[in-house]
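Step one of this worksheet: look at the structure below.
Both counts, for ligands and for their atoms, begin at 1 and track the order of listing.
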Amino acid sequence: QAKQTFYEAVGGEETFRRLVRRFYEGVAQDPLLRPLYPEEDLSGAEERLRLFLMQYWGGPRTYSERRGHPRLRMRHAPFAIGEAERDAWLKHMYDAVQELELAPELEAQLWDYLVYAAHSLVNTPT
Ligand code: HEM
């Protein structure tokens, strides 16, 4: 029996669907973040983030089949991300993570990664 992936442990695709849907509800209302997103309809961005996170945590590799190597720093280069944008992104993600009501150790693992990743994508001095 193979060890369960984090993806499976948190409930698979449905959990990531809920996480990212809730996150983009926040982004849609955010006056700092919303203008950064090039598309009028956020559903494409929502799907890309969901597929990326599913893949990162050991789920299906659909993200890379569609988009290739993630190269997140490069893909964020067109958007000016300073500390304020990072913190706004993390605020919506925090709310979305809370709503999942995961076991504390799973929640901590997910949140620590998101904080680390968001810090690594700041590309604009403030
Ligand atoms: C794409 C903003 C952090 C993962 C994007 C896009 C924007 C954006 C504007 C383009 C939307 C689109 O796909 O059409 C930000 C801001 C962040 C942030 C302001 C604050 C630090 C993160 C983090 C992750 C992430 C921490 C991963 C854990 C992605 C992915 C895409 C994306 C996977 C789609 C890449 C692609 O395939 O084109 N982000 N992002 N972002 N972001 Fe972020």
Nearest non-hydrogen protein atom, [atom]:
atom	result
atom 6 (C) of ligand 1	Phe79 CE1, 3.5 Å
atom 35 (C) of ligand 1	Arg75 CD, 3.4 Å
atom 16 (C) of ligand 1	Trp89 CD1, 3.4 Å

- prompt: What do we get for Leu72 next to ligand 1 when only non-hydrogen atoms under 4.0 Å count, side chain, backbone, both or neither?
  reply: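 Answer for Leu72: side chain.
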Looking only at distances, can you tell me whether any N or O atom of [X], backbone or side chain, sits closer than 3.5 Å to an N or O atom of ligand 1?
X	result
Arg67	yes
His76	yes
Tyr113	no
Arg86	no

Are more than 12 heavy atoms, taken from residues, nucleotides or ligands other than [X], located less than 6.0 Å from that residue's [atom1] atom?
X	atom1	answer
Arg61	CZ	no
Glu105	CD	yes
Phe79	CZ	yes

Among [options], which residue places a heavy atom closest to [atom]?
atom	options	value
atom 7 (C) of ligand 1	Tyr116, Tyr56, Tyr37, Phe52	Tyr37
atom 4 (C) of ligand 1	Leu42, Leu49, Leu33	Leu49
atom 34 (C) of ligand 1	Gln55, Glu85, Arg48	Arg48

query: For the ring pair (Phe, Tyr, Trp, His ring centres under 6.0 Å) test, which of Trp57, Phe6, Phe52 pairs with Tyr113?
result: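 Answer to the ring pair (Phe, Tyr, Trp, His ring centres under 6.0 Å) test with Tyr113 among Trp57, Phe6, Phe52: Trp57.
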Proximal ligand 1 atoms for [X], defined as those under 4.0 Å from one of its heavy atoms:
X	result
Tyr63	35 (C), 36 (C), 37 (O)
Ile81	15 (C), 16 (C), 17 (C), 19 (C), 20 (C), 21 (C)
Leu121	3 (C), 22 (C), 23 (C), 24 (C), 26 (C), 41 (N)

message: Could you report the tightest heavy-atom contact between Leu32 and Pro35, atom names first, then the distance?
response: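 Nearest heavy atoms, Leu32 then Pro35: O-CD, 3.5 Å.
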query: What class does the angle between the rings of Tyr7 and Phe16 fall in, given that below 30° is parallel, 30 to 60° is tilted and above 60° is perpendicular?
result: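 Aromatic pair Tyr7/Phe16 classed parallel.
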N-O pairing of Arg17 and Glu13 below 4.0 Å: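 Judged by the 4.0 Å cut-off on N to carboxylate O distance, Arg17 and Glu13 do form a salt bridge.
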- request: Report the C-alpha distance between His76 and Asn123 in whole Å, list the side-chain angles of each, state the deciding distance to 0.1 Å, and finish with yes or no for side chain to side chain donor-acceptor pair (under 3.5 Å).
  value: CA-CA 8 Å; His76 288 78; Asn123 57 19; over 6 Å; no
- request: Check whether Val122 and Leu72 end up in the same hydrophobic cluster, where Ile, Leu, Val, Met, Phe, Trp and Tyr are linked by side-chain heavy atoms less than 4.5 Å apart.
  value: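 No; Leu72 is not reachable from Val122 via cluster members.
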message: Against Glu99, only a single residue in Arg21, Arg22, Arg18 fulfils salt bridge (Lys or Arg N to Asp or Glu O under 4.0 Å); can you say which?
response: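 Of Arg21, Arg22, Arg18, salt bridge (Lys or Arg N to Asp or Glu O under 4.0 Å) with Glu99 is met by Arg22 alone.
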- request: Look at ligand 1 and say whether Ala118 reaches it with a heavy atom at a distance under 4.0 Å.
  value: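 It does, in that a heavy atom of Ala118 comes within the 4.0 Å cut-off of ligand 1.
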